[in-house]
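Below you'll find the structure, written out as structure tokens, and then a few comments.
Small disclaimer: the values here were computed from a predicted structure and weren't measured. We count residues from 1, following the sequence as given.
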Amino acid sequence: MGFLRNKNGNVSKKVWFALAYTICFTIIAGAVFSVFIINKKSFIWVPDGLQQHFNALLYYRSWLLSIIDTLITEHRLSVPLWDMHIGLGSDVLTTLHYYVIGDPLNLLSVFVPDEKYMELFYNAMVLVRIYFAGLAFSAYCRYHGQKPYSTLLGAMVYDFCFWVIIAVRHPYFLNPMIYLPLILIGVDKIYKKQKPWLYMGMLAVATVSSFYFTYMICVFVVIYALLRYLMLFGKPVFKTVWYWVWRFAAYSFVTLSSVSIILLPVVAMTLSTGRAGAQHTFSLLYPLSYYRKLFYGFLIGGSTYWSELGYTGIVLLAVLLLLLGRRKNRGLRAGFVLMTLLLLFPFAGKMLNGGSYVVNRYMWAYSMLVSFIAVKMYPQMMEMHFKKKIALFWAGITYICLCLEVLGKHQKQYVLVALLLFSVLLVLIVGTGKKTKEKFVFKAALLVVVMLELIYQGWAEYAPQAGGYVEEFATQGEALSMLTKDAAGSLVKNHAKDTTYRYESLQSEEWKNTAMQLGINGTSYYFSLANPDINQFQREMYINQTRDFCYSGFDARTMLEVLSGVRYYVVPSGNKGLRPYGYNVCINRGTLGAGGQYEVKCDAYENDSVLPVGFAGSTVIPRSIYEKLDVTKKQQALLQGIIVEDDKVPAALAQKETGMEFTDKEISYEITDMHNVELTDQGFTATEKKASVTLSFEGMPESETYFILKGLGFSEEGKTLTQSKSRLHIDVTCGKITKMITFLTRKNNFYSGVDDYLINTGYRDEKADEITLTFHEKGTYRFDEMQIVCQPMQQVDSLAKKLKQNVLKGVVMDTNRISGTLETDQEELFCLTVPYSSGWRAYIDGKEADVLKADTMYMAIDVPEGIHQIEFYYCTPYLKTGAVLSGLGILSVIGIAVFRYRTGDKRKKEQGRTKERI
């Protein structure tokens, strides 16, 4: 690590700095994170840290070990790219890249001897990331000639700024703090015409680690390179500018090309998701409360939209001193002003978040900037003349007064304590002379005050008696259990007769993605990138799930469960009404989460009448006909034929009549009771929280009863949409069953265009007669249409039996391969209930067949009469193209290395000849 050396090559100073840094880091980390030890908590945040980050890390370790085992035992490279245990079935690379794949530190998980130690590994890696971030920042400071002591101060602030305090719940949010300083050193090296390897290497690591953060890094690299150019060369000259633009573009392009094997598939998946294209409402400015929090948050932290600041008094004084200056540090001042302006306008947050929604997840970059300002301005703090001291003193006092004014009735005790510590620091800086500041005692005292500020900032957020953030994390030693033996699927795992079938759970405390650890097929999913075809299916079926990247199955709607091969269903004990029709055989009972806050008794049921993973049928429904149907009729159509695009319907099957029959019935209702609710032309206005409306009707026996809202919207009198609540809740109660609609307005970050809802209030042998709506929040709930529909279940068994006449037999689900034998007595369309992806290739008796998108989210192929071997093979879309580009990129890197070596050798020879002449 040659870039850590000081200019004089004095190794002892480097060692002493590393020792001092490690000691200070250990003290602060021990004090701040002791809250976790005292409260017996891990760094695994509930829910995301548990369901996503820790879950993904567990899976990644097993995934890597399986690759290594196959390589050693079978002497072949076999990389699983598709897994039916992730959601309804998902691509491994594009799903988990955002969390674990590509992060070099996560590769160390293969050395963990047993998964029971993975929680310890997870916790340790959080601390290692923070530690490495400080080292990278220190390397940047020392490269720019900053003194060890001021660098140490800045590194501590960088390591334990409020972004880090919050971001421990998302470990990979810490990674860009490591990458950015090293990449910026690489930028400076290129400007000095030194070797570009640091820039290219760290950009490559950042890209394979997280495309999401690399996008932001690239934006800041462009800003940094522009400012550095102005600082180094002054007024732009076209020829010079073009030279450097070309140079940086070439290095960046070659680097990104070399990692295209990961970059290209991930970018393609990102652009295809519904989340990326959702239209959110945002205003030109943030709410006033945001700016208020931002103002005092600069000192102590705590804001909204992920604008987590919190940099202690030393940084605040450094920034004030920077702004008070005139000629010096113009580039640094311009960078601070620009970055601060980005914080003030929502549009910047939206653009830096990839154009998705407003969130400032780039605060790690802002943290590096202000921490470096502290390092850079420290010498000037020590050498201030009297007038500058007076100006700084009154600037600090003004800040304190404004904070007290801004806080007002919203005062928090920990902010006042932070202001007191800032006052001590202000007096210490302003009230001492230059000679005193050069003494060891002063430097030690200053360091202690800064460390106390950081420790207090962390404690104020984490401690149960203060911010209480630590309570949101999983108890030590329980995370693995929560994902395995305490998961609903554990009641199914040992009783599943066929591993190709799925299970579903309808208990509110069930964690998502648990099927990944149980090794069975489930229906829940919670990762940032999701299959857009599954999202489209959810919208068509009005499924009560508002986030594209987070779903939990099919709301116990029997027809959808049967179609998707959900053979096992888990419900809380004593709630038989929650399970779908036909799930009558109880296969297991148990207590999940025994002794914990999520303890619940559950029963697992089986329905052996569901469809298998592959079945064939001769009835094909063109999509144009399907799209004209109401939601309940679409649901029935799925069991009466296979839906494909009009131009994909096989010619031999196109002339066959669909002959669809629909048995659903819309039920008339009347409003029989309203409590704190006013009826309007558009819907209902709740004048108080928990207002309710009761709808009375005469339902149908032996039916599922659906409550449907189309075009649901919300408004508050006297407020614009951007001022309204963004997350709303409506309870739908029918008999003993209550389900909740969680409705998101366009203001909400996770809004994805879901405005239509169908709530299955359950199957009953008797008639349902009453539905009560309870509105959790005050305001007007408007809708285009409200319906109650009963769906008889008598036809389900016969429809399923008909589709099961020709099914895929001898099914084998191997690595990236699904195969089996199909026998048909005529040409039919074979449907595989595995989520569609362009990465699938199908073969009939070894001959490739076109893969059609069927039933919106599944796959189908046209199969001729006879007995056939059916095979589906999977490869991540754009993986092969990315591999080719990576190969070309690597060759280009080698070419650059050779070119630099030859030109460098030629330059040395010319210098040698010159010396000989002299």
- Query: Do you see a donor-acceptor pair shorter than 3.5 Å between the side chains of T340 and Y366?
  - Reply: yes
- Message: Pair R361, Y212 - check side-chain contact (heavy atoms from CB on, under 4.5 Å), show working.
- Response: CA-CA 10 Å; R361 286 183 177 164; Y212 176 71; 3.2 Å; yes
- Taking the six-membered ring where the residue is Trp, are the ring centres of F173 and W364 under 6.0 Å apart? no
- Query: Are Y286 and Y305 near enough that their ring centres are under 6.0 Å apart?
  - Reply: yes
- In Å and rounded to the nearest 0.5 Å, what is the NZ to CD distance from K376 to Q146? 5.0 Å
- Please state whether the rings of Y469 and F473 are parallel, tilted or perpendicular, taking 30° and 60° as the class boundaries. perpendicular
- Message: Under 3.5 Å, is there a donor on one side chain and an acceptor on the other for Y311 and S367?
- Response: yes
- Task: For A206 and I183, work out which heavy atoms get closest and say how close.
- Result: CB-CD1, 4.3 Å
- Work out which heavy atom in L227 is nearest to a heavy atom in G331; give both atom names and the distance. CD1-O, 4.2 Å
- Query: Does K437 use its side chain to pair, donor to acceptor, with the backbone of M381 at less than 3.5 Å?
  - Reply: yes
- Message: Can you classify the ring geometry of Y462 versus F36 as parallel (below 30°), tilted (30 to 60°) or perpendicular (above 60°)?
- Response: perpendicular
- Message: Could you check whether D103 pairs with R129 (Lys NZ or Arg NE/NH1/NH2 to Asp/Glu carboxylate O, under 4.0 Å)?
- Response: yes
- Task: Please check if the distance between the ring centroids of F295 and Y399 is under 6.0 Å.
- Result: yes
- Shortest non-hydrogen contact between S371 and V157, atoms and distance: OG-CG1, 3.8 Å
- Item | Between T22 and Y131, a side-chain donor and acceptor under 3.5 Å | yes
- Item | Polar side chain donor-acceptor pair, Y21 to D159, under 3.5 angstrom | yes
- Task: Could you tell me whether K195 atom NZ has more than 12 heavy atoms of other residues or ligands within 6.0 Å of it?
- Result: no
- Query: Should L294 and L344 be marked as a side-chain contact (heavy atoms from CB on, under 4.5 Å) after you check the CA-CA gap, both sets of side-chain angles, and the distance that decides it?
  - Reply: CA-CA 9 Å; L294 207 63; L344 302 182; 3.9 Å; yes
- Message: Between Y229 and F248, is the ring centroid distance below 6.0 Å?
- Response: no
- Task: Go through the steps for Y99 and N106 under the test side chain to side chain donor-acceptor pair (under 3.5 Å), then give the verdict.
- Result: CA-CA 10 Å; Y99 302 92; N106 288 331; over 6 Å; no
- Item | Evaluation steps, side-chain contact (heavy atoms from CB on, under 4.5 Å), between N353 and Y215 | CA-CA 9 Å; N353 195 41; Y215 163 75; over 6 Å; no
- Message: Less than 4.0 angstrom from a charged side-chain N to a carboxylate O is my criterion; do D188 and R228 meet it?
- Response: yes
- Query: Do the side chains of V319 and F298 get nearer than 4.5 Å, heavy atoms only?
  - Reply: yes
- Message: Please give me the minimum heavy-atom distance between I455 and V32, naming the atom from each residue.
- Response: CA-CG2, 3.7 Å
- Query: Below 4.5 Å, heavy atoms only, C-beta onward: do M200 and I896 meet side chain to side chain?
  - Reply: yes
- Message: With heavy-atom distances below 4.5 Å as the criterion, would you say the side chains of I130 and F33 are in contact?
- Response: yes
- Donor-acceptor contact below 3.5 Å, side chain K350 vs main chain G355: yes
- Message: With rounding to the nearest 0.5 angstrom, report the CG to CG distance, L317 to L392.
- Response: 5.0 Å
- Query: Do Y362 and F213 pass the ring pair (Phe, Tyr, Trp, His ring centres under 6.0 Å) test, and can you show the C-alpha distance, the side-chain angles, and the key distance before you say yes or no?
  - Reply: CA-CA 8 Å; Y362 59 87; F213 283 116; over 10 Å; no
- Message: Is there a side-chain contact between V187 and V221 in this structure, where contact means two heavy atoms from C-beta onward sitting under 4.5 Å apart?
- Response: yes
- Query: To the nearest 0.5 Å, how far apart are CD1 in I397 and CG in L402?
  - Reply: 11.5 Å
- Task: Side-chain contact test, heavy atoms from C-beta onward, threshold under 4.5 Å: evaluate it for M382 versus K434 and give yes or no.
- Result: no
- Message: Within the 4.5 Å heavy-atom criterion, are V893 and T255 side-chain neighbours or not?
- Response: no
- Quick one: are F162 and I300 in side-chain contact, heavy atoms under 4.5 Å? no
- Query: Hey, do the aromatic rings of H53 and W45 have their centres closer than 6.0 Å?
  - Reply: no
- Message: Would you compute the distance between atom CE of M231 and atom CG of L226 and round it to the nearest 0.5 angstrom?
- Response: 11.5 Å
- Message: To check you understand the geometry: which heavy-atom pair defines the closest contact between V35 and P464, and what is its length?
- Response: CG1-CD, 4.3 Å
- Query: Does L352 reach the side chain of F220, with side-chain heavy atoms less than 4.5 Å apart?
  - Reply: yes
- Query: Quick one: do the S303 and Y290 side chains pair a donor with an acceptor below 3.5 Å?
  - Reply: no
- All heavy atoms of T151 vs all of C141, minimum pair found to be OG1-CB, 3.5 Å
- Query: Centres of the F25 and F160 rings: under 6.0 Å?
  - Reply: yes
- For the side chain of Y191 and the backbone of A225, is there at least one donor-acceptor N/O pair under 3.5 Å apart? yes
- Name the orientation class of the two ring planes belonging to H144 and Y140 (parallel below 30°, tilted from 30 to 60°, perpendicular beyond 60°). tilted
- Would you check if there is a donor-acceptor pair between the side chains of N360 and S307 at a distance under 3.5 Å? yes
- Item | R292 and Y296 side chains, donor-acceptor separation under 3.5 Å | no
- Message: Tell me whether the count of non-hydrogen atoms from other residues, nucleotides or ligands lying under 6.0 Å of CZ in F253 goes above 12.
- Response: no
- Query: Using the ring of each side chain (for Trp, its six-membered ring), is F137 parallel, tilted or perpendicular to Y158, with breaks at 30° and 60°?
  - Reply: parallel
- Task: Please round to the nearest 0.5 Å and tell me the distance separating atom CZ of R142 and atom NZ of K147.
- Result: 7.5 Å
- Between the side chains of E308 and W163, does any donor sit under 3.5 Å from an acceptor? no
- Decide side-chain contact (heavy atoms from CB on, under 4.5 Å) for T207 and F211; before the verdict, give the C-alpha distance in whole Å, the side-chain angles of both, and the deciding distance to 0.1 Å. CA-CA 5 Å; T207 304; F211 161 72; 5.5 Å; no
- Query: Do Y98 and S210 have a side chain donor and acceptor closer than 3.5 Å?
  - Reply: no
- Could you state the interatomic distance from CG (L452) to CG (L421), rounded to the nearest 0.5 Å? 7.0 Å
